[in-house]
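All figures in this text were calculated on a predicted structure; none of them were measured in a lab.
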Amino acid sequence: MKSLLFTLFFVLSSTNAETIIYNEHRDSDWLPLTYVVNGTFDVIQNPYWFSQRHYWQKMEEVWRRVKDPHKNIKRDGGYKKLIEDEVFSSRVLPNIGLHFLGGAYDTLWLSEYFEAKGFAYPRLGAFIVTYMAHFGNEALETTSSEISSHDHIADLYFYDVAAFVLASYPRAMTYLTEDMGMKAWHFNPMYDIDGEDFFNTGLNYVFRPKFAYLNEGKVKPLFYLGMQTLGGATYHYREDRGVSLAMGISLTDPLKQKGRFVTGLFYEENGELEASLFLNGSEDYRWRLNLYQGIFKKMDFIPKDWRVSLMLGQGKGPTYAAGININLPIGLGFIKNSPFTSHSQF
């Protein structure tokens with residue numbers, strides 16, 4: 001807990017960096033709330049391990065596991081096992097890629113958002129929002145009996161804290177966003193008005209390092225990190241337009257590194273993701289299409305001040321899903337015939 005208080009002081013006392021992520025023309029005024037939903041329900045992309053049912057009970061459970069870290073570390077195997085599992089096993093990859101690097105990116109993004117909105121303490125706002133999302137995510141991870149307090153403690157006391165510190169170093173963040181080409185490609189979160197569940201949620205990050213560009217930057221390697229891990233390339237057929245193809249795995253058993261083979265197709269204009277299509281991907285979809293607001297801004301019949309995004313998908317069973325968002329923090333939609341949804345999850 002002392003490390004959290006120190007980091008909070010550090011975050012508040014650090015000087016603000018030049019804006020490099022936030023874009024007022026792209027990012028909604030609802031960005032913090034959208035982010036909390038995406039971050040909290042990120043893990044439900046693996047419905048075989050994690051569930052959003054009994055959310056508040058799970059919040060109480062994760063608090064019991066982290067409020068006395070020393071006691072719970074000893075109970076669940078001791079410090080040696082904690083280090084073995086969270087530093088020297090395959091678990092370290094999402095810890096570094098998503099909690100540390102992804103958390104730093106989002107912390108800076110939200111800091112710039114709050115600064116642009118005139119908040120007196122933008123870094124405090126970012127700290128609260130990102131930590132809410134991380135804590136909610138850890139709560140849903142209590143669904144699985146394979147997850148002990150070690151996972152929550154490592155994330156909340158170390159990797160997430162380290163992310164806040166990294167976000168306070170402009171040179172490091174410039175290296176990540178410019179030299180490594182890091183961007184957030186988060187999903188469009190939707191709420192099932194019938195089943196009372198969230199769907200199409202998730203935090204995703206792509207890296208396209210400059211040192212590996214080919215053909216004068218027309219071809220760029222692409223690494224996609226999230227609950228789906230993909231590798232591929234982006235081809236810029238015009239200076240302002242590009243398409244990407246990536247393939248990899250969507251984990252159904254994260255400890256055994258087992259999952260399904262997934263393919264992702266992406267379309268960008270002016271450096272912004274406008275459409276994505278996943279085949280055989282997370283959340284048990286056969287296919288999932290997301291259309292972002294840039295697509296709809298080109299349509300003359302849609303008012304220019306509307307922020308519209310759309311999701312369509314088909315799962316196993318078959319399951320059908322659809323959702324639309326117009327100027328809201330999350331969209332509204334439905335999932336039909338899904339074995340993973342039910343009423344009154346909270």
Side-chain angles (χ1 to χ4, degrees), residues 19-42 44-45 102 105-119 122 125-126 128-130 132-133 136 177 182-194 197-206 224 226 240-244 264-278 283 285 288-313 321-335:
T19 299
I20 56 178
I21 299 176
Y22 174 69
N23 183 335
E24 63 179 347
H25 300 293
R26 176 200 63 197
D27 297 327
S28 166
D29 290 340
W30 295 106
L31 175 62
L33 183 53
T34 304
Y35 177 80
V36 169
V37 173
N38 258 334
T40 295
F41 297 96
D42 178 64
I44 66 168
Q45 291 184 71
Y105 183 101
D106 292 335
T107 297
L108 179 58
W109 187 13
L110 287 159
S111 295
E112 293 175 349
Y113 165 87
F114 284 116
E115 187 172 12
K117 297 300 180 183
F119 279 62
I128 293 172
V129 169
T130 54
M132 286 174 61
T177 56
M182 186 179 184
K183 271 184 172 289
W185 281 4
H186 301 337
F187 282 135
N188 286 316
M190 301 290 173
Y191 184 71
D192 179 5
I193 56 179
D194 181 34
D197 278 341
F198 291 97
F199 66 101
N200 199 50
T201 56
L203 302 178
N204 311 294
Y205 308 91
V206 293
Y224 183 103
D240 62 339
R241 298 182 185 182
V243 292
S244 301
L265 300 167
F266 312 93
Y267 172 71
E268 296 171 85
E269 280 196 25
N270 298 310
E272 298 299 335
L273 181 65
E274 296 204 350
S276 68
L277 174 66
F278 287 96
E283 220 169 323
Y285 285 111
R288 169 168 38 174
L289 174 69
N290 272 281
L291 301 178
Y292 295 86
Q293 63 185 22
I295 290 285
F296 297 98
K297 285 187 177 296
K298 302 182 183 70
M299 301 178 181
D300 294 334
F301 62 89
I302 295 180
K304 298 302 180 184
D305 59 343
W306 282 18
R307 295 178 181 270
V308 182
S309 57
L310 179 71
M311 177 271 181
L312 299 170
I324 188 169
N325 188 345
I326 303 176
N327 292 353
L328 292 173
I330 59 174
L332 300 177
F334 65 87
I335 305 175

List in chain and number order the residues that pass side-chain hydrogen bond (donor to acceptor under 3.5 Å, both in side chains) with Y285, two or more places apart in sequence or in another chain; answer none if no residue qualifies. none
[Y] backbone acceptor or donor facing [X] side chain under 3.5 Å:
X: N38; Y: G202; answer: yes
X: W185; Y: L273; answer: no
X: H186; Y: L203; answer: no
X: S111; Y: A126; answer: no
X: T201; Y: F41; answer: yes

Do the side chains of I20 and L108 get nearer than 4.5 Å, heavy atoms only? yes
Taking the side chain as every heavy atom from C-beta outward, state whether L310 and N290 have any pair of such atoms under 4.5 Å apart. no
Could you please spell out the steps behind the side-chain hydrogen bond (donor to acceptor under 3.5 Å, both in side chains) verdict for R307 and N325? CA-CA 8 Å; R307 295 178 181 270; N325 188 345; over 6 Å; no
Using a strict 4.0 Å threshold on nitrogen-to-oxygen distance, state whether K117 and E112 make a salt bridge. no
Between Y267 and E269, is the side-chain hydrogen bond (donor to acceptor under 3.5 Å, both in side chains) condition met? List the steps. CA-CA 7 Å; Y267 172 71; E269 280 196 25; 2.4 Å; yes
Shortest non-hydrogen contact from G125 toward F114: C-CE1, 3.3 Å
Given the side-chain rings of F278 and Y224, with only the six-membered ring counted for Trp, is the space between their centroids under 6.0 Å?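 Ring-ring flag for F278/Y224: true, centres closer than 6.0 Å.
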Measure from the ring center of Y35 to the ring center of W109 and say whether it is less than 6.0 Å. no
Applying salt bridge (charged side-chain N to carboxylate O under 4.0 Å, His left out), can you list everything that pairs with D305, at least two apart in sequence or on another chain? none
Kindly write out the residues that satisfy salt bridge (charged side-chain N to carboxylate O under 4.0 Å, His left out) with K297, not counting sequence neighbours, or none if the list is empty.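 K297 satisfies salt bridge (charged side-chain N to carboxylate O under 4.0 Å, His left out) with no other residue.
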Looking just at side-chain N and O atoms, do Y205 and D106 make a donor-acceptor pair shorter than 3.5 Å?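 There is such a pair between these side chains.
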Distance under 6.0 Å and angle within 45° of ring axis: R26 vs Y292: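 That pair does not qualify as a cation-pi contact.
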Derivation of the salt bridge (charged side-chain N to carboxylate O under 4.0 Å, His left out) call for K298 and E274: CA-CA 11 Å; K298 302 182 183 70; E274 296 204 350; 2.7 Å; yes
